[in-house]
Amino acid sequence: MCIFCKIVNGEIPNRTVLENENFLAFEDINPACKIHVLVIPKEHYDSFDVIPPKIMAEMTEFIHKIASKLNIRENGYRLITNIKEDGGQEVHHLHFHILAGERVGRLVCKETV
Ligand code: AMP
């Protein structure tokens, strides 16, 4: 079972930000920003590349609710999902990163820095 499925099952603790029947948002254990929240579907999908569009639509609504709860809609936030090796994905359970609370840096590929 993957690490995020273990979080969903309660086998690994998490700092929950928001939860409903199908989705969970929790604080990233190694925050890259003042606010760094991960959003996952409770059902396992390897990445965004295989998520059914209907579930993505529900997830979009859930992410909007998190942004409201965190009060970051006015100043904005960055929403990222890494996909497979070239995308830099380390945990192979679809998750969106919400980065906020300060101005986030430019998006770059290592090779271009
Ligand atoms: P990615 O590189 O997009 O797959 O990101 C995986 C993210 O999961 C990283 O930002 C990690 O810090 C985060 N992470 C890994 N394990 C945990 C955990 N147990 N609780 C919270 N965040 C985690």
Side-chain angles (χ1 to χ4, degrees):
M1 188 186 289
C2 89
I3 186 165
F4 286 176
C5 283
K6 286 184 180 168
I7 286 177
V8 169
N9 283 349
E11 291 172 44
I12 294 177
N14 76 91
R15 291 168 68 99
T16 299
V17 174
L18 193 67
E19 181 172 15
N20 71 14
E21 192 188 344
N22 297 318
F23 303 101
L24 175 67
F26 54 97
E27 291 176 8
D28 195 292
I29 203 165
N30 184 22
C33 221
K34 281 185 185 160
I35 296 174
H36 188 168
V37 171
L38 300 176
V39 191
I40 63 171
K42 291 185 175 177
E43 192 174 339
H44 183 98
Y45 295 95
D46 282 351
S47 79
F48 172 81
D49 201 48
V50 293
I51 193 165
K54 184 181 171 297
I55 295 177
M56 194 58 236
E58 292 168 14
M59 200 164 174
T60 299
E61 199 179 350
F62 185 68
I63 291 169
H64 287 165
K65 283 188 181 141
I66 299 162
S68 294
K69 183 170 183 186
L70 295 174
N71 206 18
I72 56 174
R73 294 187 93 156
E74 189 175 337
N75 284 352
Y77 54 99
R78 181 169 290 167
L79 188 64
I80 298 174
T81 188
N82 297 324
I83 301 160
K84 295 188 178 175
E85 285 72 23
D86 279 2
Q89 185 178 7
E90 287 176 0
V91 177
H92 294 269
H93 179 131
L94 167 66
H95 54 281
F96 280 85
H97 298 254
I98 296 178
L99 300 169
E102 59 187 309
R103 184 67 63 90
V104 300
R106 211 162 69 85
L107 277 178
V108 290
C109 286
K110 259 190 292 190
E111 289 73 15
T112 62
V113 173

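Just follow the structure's listing: the first ligand is 1, and inside any ligand the first atom is 1.
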Non-hydrogen atom of Val91 closer than 4.0 Å to ligand 1: yes
Any Arg15 heavy atom less than 4.0 Å from ligand 1: no
Sub-6.0 Å ring centroid separation between Phe26 and Phe4: yes
As an exercise, identify every atom of ligand 1 less than 4.0 angstrom from a heavy atom of [X].
{"X": "Asn30", "result": "12 (O)"}
{"X": "Gln89", "result": "4 (O)"}
{"X": "Gly88", "result": "2 (O)"}
{"X": "Phe4", "result": "8 (O)"}
{"X": "Asn82", "result": "1 (P), 2 (O), 3 (O)"}

Close N or O approach (Glu90, ligand 1; < 3.5 Å): yes
For ligand 1, is any non-hydrogen atom under 4.0 Å from [X]'s backbone (N, CA, C, O), its side chain (CB onward), both, or neither?
{"X": "Glu27", "result": "backbone"}
{"X": "Leu38", "result": "side chain"}
{"X": "Asp28", "result": "both"}
{"X": "Ile7", "result": "side chain"}

